K.L.:
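Following this message is one structure expressed as structure tokens.
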Amino acid sequence: MDRLSDLNPQQREAVTAAPGPILVLAGPGSGKTRVLTYRLAYLIQELKVPAAEILALTFTNKAAREMEGRALSLLGGSRATGVPRLGTFHSTFARILRIEADRLPVTRDFVIFDDVDQLELVRQSLKELNQDPKQVQPRRVLASISRAKNEMIEPQAFASDTYFTEITRRVYERYQQLLLANNALDFDDLLLLPIQLFSEHEATLHTYRRRYPHLLVDEFQDTNTAQYTLLRMLAGAKPDLFAVADPDQSIYRWRGADYRNVKRLRDDFPDLNTLLLEQNYRSTQTILDAAMAVIDRQPDRQHKQLFTERGTGDPILIHEAYDQDEEGQFVVEKISMLTLTGEAEPGDFAVMYRTNAQSRAIEEAFLRAGLPYRLVGAQRFYGRKEVKDLIAYLRLIHNPVDQVSLERAIRTPPRGIGDKTLAALWAAADQAEATPIDILLMLGRGVEVTGISARARTPLAQFGALLSGWLEIKDRVLLDSLIDRVLEDVEYRGYLGSDEDRWANVMELRGVAQEFSELGLVEFLQQVALVSDQDTLTENLNAPTLLTLHAAKGLEFPIVFIVGLDEGELPHYRSQDDPEAMAEERRLFYVGLTRAQDRVILLRAFRRRSRGVSSLTDPSRFLDDLPADLIEGDLIGMRTPAQAGYDRETSWQGRVPAPTEARFQAGMRVIHPQFGEGIVLETQLEYDDEEVTVNFEEVGVKHLVASMASLEIEDP
DNA sequence: ATCACAATACTTTTT
DNA sequence: GTATTGTGAT
């Protein structure tokens, strides 16, 4: 292969390794995706493997598409041997399930339930079990069920040692029944069912083993038990398996990902060929040193010496803003400055945060400045009400036993059908041993149905008539015409009123449907369920990108801002008492740092608003791990002992009464052990403390808490 | 009986 | 700031 000279010796060794079980342990920015793509091309061009025998699995659609693009350009026009199969775990096995639907408890028209639909089923199950949704949180139950499914634990095997787990076990059982009754699968089923299928029908497993003797896996450290099991099944005893992994970038533990699968792979394949990629092609040495300092604090971890030939580069800038609004303002100002001086383009910047909710303050800063930005994810397009409404109609038309969609569609827009009418409809369906859809269609034709009152009949019959019209044309007209007809029939535009934004979303979805006209409703609905908007990054806009640290994995930017480096935010407070979760927060910070090519700018806010209340924050513990010689900025030595504040607030005796009078006054000269002398600009009494703004001669304006910052009034 | 609006509780990360 | 539940008007 002529392009092999593009690679360094380590990369070349990996790409040209003899077929067999191969694990490439790679650091960030070491060209993982590149190696994976070259391997794909190498198999086809040098080893003459028919492309159709290669199955490449990724976690995101973005990664799959990127690989596809790179591979195509690498292979040129030589695709005579077919096309490699490239896709996410979920979409790949969803496809296989449709092919093998005869052996499944669902038909090949099954729909995929997203988290909102799943939650609906959990609520329904809880109601049937006479559980108060206030006492047993549906979200918790669902999370617990999902965890079990990722670990391949069936309802019967689910351990129920507490009241909560017993409830969960029963809900789990009922939830599975409801899914099947709706002819639906959830995300976890897309992996679980293939496992069941393969273990029950060995011949089928062998068919797929023969079809794809060559496996490629990206981000192997993110596999969960179900995914690992599937890989092992497909791999067989003597596999050609090429996996790339970076355990330090494992950030999906909450989704069942287990980086220990890397170790399991070693145990399961004793002849595993493990290769290392340590040279980094992305970042400056300063950034790598900082990142290593952060990740080396992790216990039980093999040290990786990351190195680059890019030189030292700029120090890492740390800034403490007053609150989240000022944090956003600082980001925007910094970007404007660096763009104006010509040091960078708007598209060179990324702003990363722990939670989607944090994007708001940043967005507002951009909006105030009148500057454009790109937002990844956040308010998910497919999660919007208007979008879900339309999808509910389409799902109902495609799969009439989908009761979750029926309930949603029949209620929106409001047409005089409420709880009582629906209850009557379900009851009538039960009695007639038919589906609610059958009853609706009958009513639509003017047939009398016992159990349906005169009052309920009119709106139900009207809806039934509309439905029968849609079912009749669904196979004859193109997808976008079907959508137009539905929207028109239910007067959806009128329902939205003058909300142009929401109508625009509906039209955008119609636009996506238009692209799927050829492929049809099944493919469209699957796409809608499995493709998240995390993947829909508009490439052509030259503007800063706003995204979560999770969404940032696999990407790189010249200049990276990470905001919200406060205790409770990053690390997130939900990870506080679980060491494994805390370790993951650290890896998340590591991932963020290593996205940067040239510069990293870290921000934290002294005061932060969450849940409506504004409170003071402590700087993130991760800031302490950055070597002093790599950083510059105004936070150095600022970290306050977190416990000092806690002790006072939680003990009864030592409770400090709220100061009734400010000790400091504007204009006073004060002295601070670290910051030196300064003048008080402003003071403010805050529930049990005094907040002082001081302009220090040496270090500029600082916000301090009087009781904690040993601030002294200077004698005149 | 249904629907709009107000009050209330809750808030990680994503296929 | 948002999802869910409760209440009062139609």
Side-chain angles (χ1 to χ4, degrees), chain A residues 57-64 87-94 112-116 118-120 123 132-134 137-140 143 146 149-150 185-191 219 222-224 226-227 250-257 324 352-361 363-364 376-380 382-385 411-424 453 455-456 458-459 495 526-535 547-553 564 568-576 578 581 584-585 587-589 591-592 609-613:
Chain A
L57 294 165
T58 63
F59 280 83
T60 63
N61 290 284
K62 192 178 60 201
T88 62
F89 275 89
H90 286 88
S91 64
T92 301
F93 290 105
I112 299 164
F113 270 16
D114 69 11
D115 46 352
V116 178
Q118 294 179 49
L119 222 45
E120 182 58 38
R123 287 212 179 86
D132 182 2
K134 267 180 201 152
Q137 287 177 25
R139 222 162 245 298
R140 284 255 165 113
S146 180
K149 290 175 90 165
N150 280 328
L185 299 179
D186 66 14
F187 288 122
D188 304 320
D189 287 330
L190 296 180
L191 305 173
E219 308 277 15
D222 284 334
T223 47
N224 63 29
Q227 284 156 337
S250 164
I251 53 174
Y252 286 103
R253 195 184 78 103
W254 49 274
R255 205 169 68 185
Q324 53 207 338
M352 302 175 185
Y353 33 80
R354 173 70 235 266
T355 63
N356 280 308
Q358 288 173 269
S359 76
R360 196 169 305 269
E363 284 185 76
E364 278 168 10
V376 181
Q379 162 68 286
R380 296 160 57 188
Y382 292 111
R384 294 189 145 98
K385 283 157 239 78
R411 284 174 190 269
T412 36
R415 49 171 68 84
I417 300 173
D419 293 345
K420 293 281 165 172
T421 309
L422 274 183
S453 69
R455 170 148 186 199
T458 325
Y495 166 64
Q526 178 160 321
Q527 168 85 359
V528 163
L530 291 183
V531 173
S532 72
D533 358 56
Q534 303 290 328
D535 307 319
L547 73 181
T548 62
L549 288 162
H550 282 90
K553 190 156 84 154
E569 213 69 46
L570 181 65
H572 197 267
Y573 74 100
R574 294 282 288 249
S575 306
Q576 216 81 15
D578 178 356
E584 185 146 308
E585 299 287 322
R587 291 194 293 266
L588 205 45
F589 182 43
V591 167
R609 210 171 41 244
S610 65
R611 276 173 278 174
V613 259

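Every chain is numbered from 1 and lettered A, B, ... according to where its sequence line falls, protein lines coming before strand lines. In this text the structure is predicted, and so the values were computed from the model without any measurement.
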K.L.:
NZ of A/K553 versus C1' of B/dT13: gap in Å, rounded?
P.N.:
11 Å
K.L.:
Output all residues satisfying salt bridge (Lys or Arg N to Asp or Glu O under 4.0 Å) with A/R574, sequence neighbours left out; order by chain, then residue number.
P.N.:
none
K.L.:
Can you list the residues that meet the salt bridge (Lys or Arg N to Asp or Glu O under 4.0 Å) rule with A/R253, with sequence neighbours excluded?
P.N.:
A/D578
K.L.:
Could you run down the sub-3.5 Å N/O contacts of the protein with nucleotides 6-10 of chain C?
P.N.:
none

K.L.:
About how many Å separate NZ of A/K553 and OG1 of A/T60, when rounded to the nearest 0.5 Å?
P.N.:
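One gets 9.0 Å once the value is rounded to the nearest 0.5 Å.
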K.L.:
Go through B/dT14, B/dT13, C/dT2 for me and flag the one nearest to the A/T355 side chain.
P.N.:
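Nearest to the side chain of A/T355 among the choices is B/dT13.
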K.L.:
Between P on B/dT13 and CZ on A/R253, what's the gap in Å once rounded to a whole number?
P.N.:
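Going from A/R253 (CZ) to B/dT13 (P), I get 16 Å.
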K.L.:
Would the base of B/dT13 count as contacting A/R255 through its side chain, where contact means a donor and an acceptor less than 3.5 Å apart?
P.N.:
no
K.L.:
I want to check something: taking the side chain as every heavy atom from C-beta on, are A/N356 and A/H550 in contact at a cut-off of under 4.5 Å?
P.N.:
no
K.L.:
Select one nucleotide: of B/dT12, B/dT13, C/dA3, the one nearest the side-chain heavy atoms of A/K385.
P.N.:
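So the nucleotide nearest the side chain must be C/dA3.
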K.L.:
Could you give the NZ-to-P distance, from A/K149 to B/dT14, as a whole number of Å?
P.N.:
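To the nearest whole Å, that distance equals 21 Å.
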K.L.:
Ring stacking, A/F89 with base of B/dT15, under 5.5 Å and under 30°?
P.N.:
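Not stacked: fails the 5.5 Å / 30° test.
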K.L.:
Can you tell me which nucleotide in C/dG1, B/dT14, B/dT15 comes closest to the side chain of A/H90?
P.N.:
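Side chain of A/H90 sits closest to B/dT15.
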K.L.:
Closest approach to the side chain of A/R354, judged atom by atom: which nucleotide of B/dT12, B/dT14, B/dA1 is it?
P.N.:
B/dT12
K.L.:
Is the phosphate of B/dT14, meaning OP1 or OP2, less than 4.0 Å from a side-chain N or O of A/N356?
P.N.:
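Answer is yes, contact under 4.0 Å.
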K.L.:
Can you tell me the distance, in whole Å, between the CZ atom of A/R139 and the P atom of B/dT13?
P.N.:
10 Å
K.L.:
Round to the nearest Å and state the distance from A/R123 atom CZ to C/dT4 atom C1'.
P.N.:
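After rounding, the gap between these two atoms is 8 Å.
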K.L.:
Taking any heavy-atom pair under 4.0 Å as a contact, classify A/S91: base, sugar-phosphate, or nothing.
P.N.:
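The answer is nothing, as A/S91 stays clear of every strand by at least 4.0 Å.
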K.L.:
Using 0.5 Å steps for rounding, measure from the CZ atom of A/F93 to the CG atom of A/L185.
P.N.:
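The distance works out to 14.5 Å.
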K.L.:
In chain order, what residues pass the side-chain hydrogen bond (donor to acceptor under 3.5 Å, both in side chains) check against A/R360, with sequence neighbours excluded?
P.N.:
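Checked A/R360 against side-chain hydrogen bond (donor to acceptor under 3.5 Å, both in side chains); zero matches.
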K.L.:
Which residues pass the ring pair (Phe, Tyr, Trp, His ring centres under 6.0 Å) test with A/F113, sequence neighbours left out?
P.N.:
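Result, ring pair (Phe, Tyr, Trp, His ring centres under 6.0 Å) vs A/F113: none returned.
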K.L.:
Roughly how many Å apart are C/dA3 and B/dT14, using the P atom of each and rounding to a whole number?
P.N.:
16 Å
K.L.:
With sequence neighbours left out, what residues match A/D188 under salt bridge (Lys or Arg N to Asp or Glu O under 4.0 Å)?
P.N.:
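Applying salt bridge (Lys or Arg N to Asp or Glu O under 4.0 Å) to A/D188 gives none.
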K.L.:
Nearest whole angstrom, please: distance from the P of B/dT13 to the OH of A/Y573.
P.N.:
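The distance from OH of A/Y573 to P of B/dT13 comes to 11 Å, rounded to the nearest Å.
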K.L.:
What N/O pairs connect the protein and nucleotides 3-6 of chain B at under 3.5 Å? Give each pair on its own line.
P.N.:
from, atom 1, to, atom 2, distance (Å)
B/dC3, OP1, A/R415, N, 3.4
B/dC3, OP1, A/G416, N, 2.8

K.L.:
Is the distance from OP1 or OP2 of B/dT12 to the nearest side-chain N or O of A/S575 less than 4.0 Å?
P.N.:
no
K.L.:
Rounded to whole angstrom units, what separation is found between the CD atom of A/E364 and the P atom of C/dG1?
P.N.:
6 Å
K.L.:
Using side-chain hydrogen bond (donor to acceptor under 3.5 Å, both in side chains) as the criterion, list what pairs up with A/E120, not counting sequence neighbours.
P.N.:
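With neighbours one apart ignored, the set is empty.
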K.L.:
Rounded to the Å, how far apart are A/Q118 CD and B/dT15 C1'?
P.N.:
11 Å
K.L.:
Looking at the base of B/dT12, is there any donor atom on it, or on the side chain of A/W254, that sits under 3.5 Å from an acceptor on the other one?
P.N.:
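Such a pair does not exist between side chain and base.
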K.L.:
Taking the minimum atom-to-atom distance to the side chain of A/K420, which one of B/dT15, B/dT14, B/dA1 wins?
P.N.:
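When the side chain of A/K420 is considered, B/dA1 is the closest of B/dT15, B/dT14, B/dA1.
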K.L.:
From B/dT2, B/dT15, B/dT14, pick the nucleotide closest to the side chain of A/T421?
P.N.:
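For the A/T421 side chain, the nearest candidate turns out to be B/dT2.
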K.L.:
Using 30° and 60° as the class limits, which term best fits the ring planes of A/H90 and A/F187: parallel, tilted or perpendicular?
P.N.:
perpendicular
K.L.:
Which part of the nucleic acid, if any, lies within contact of A/D419, taking any heavy atom under 4.0 Å across all strands shown: a base, the sugar-phosphate backbone alone, or nothing?
P.N.:
sugar-phosphate
K.L.:
Identify, with sequence neighbours excluded, every residue that meets ring pair (Phe, Tyr, Trp, His ring centres under 6.0 Å) alongside A/F589.
P.N.:
A/F622
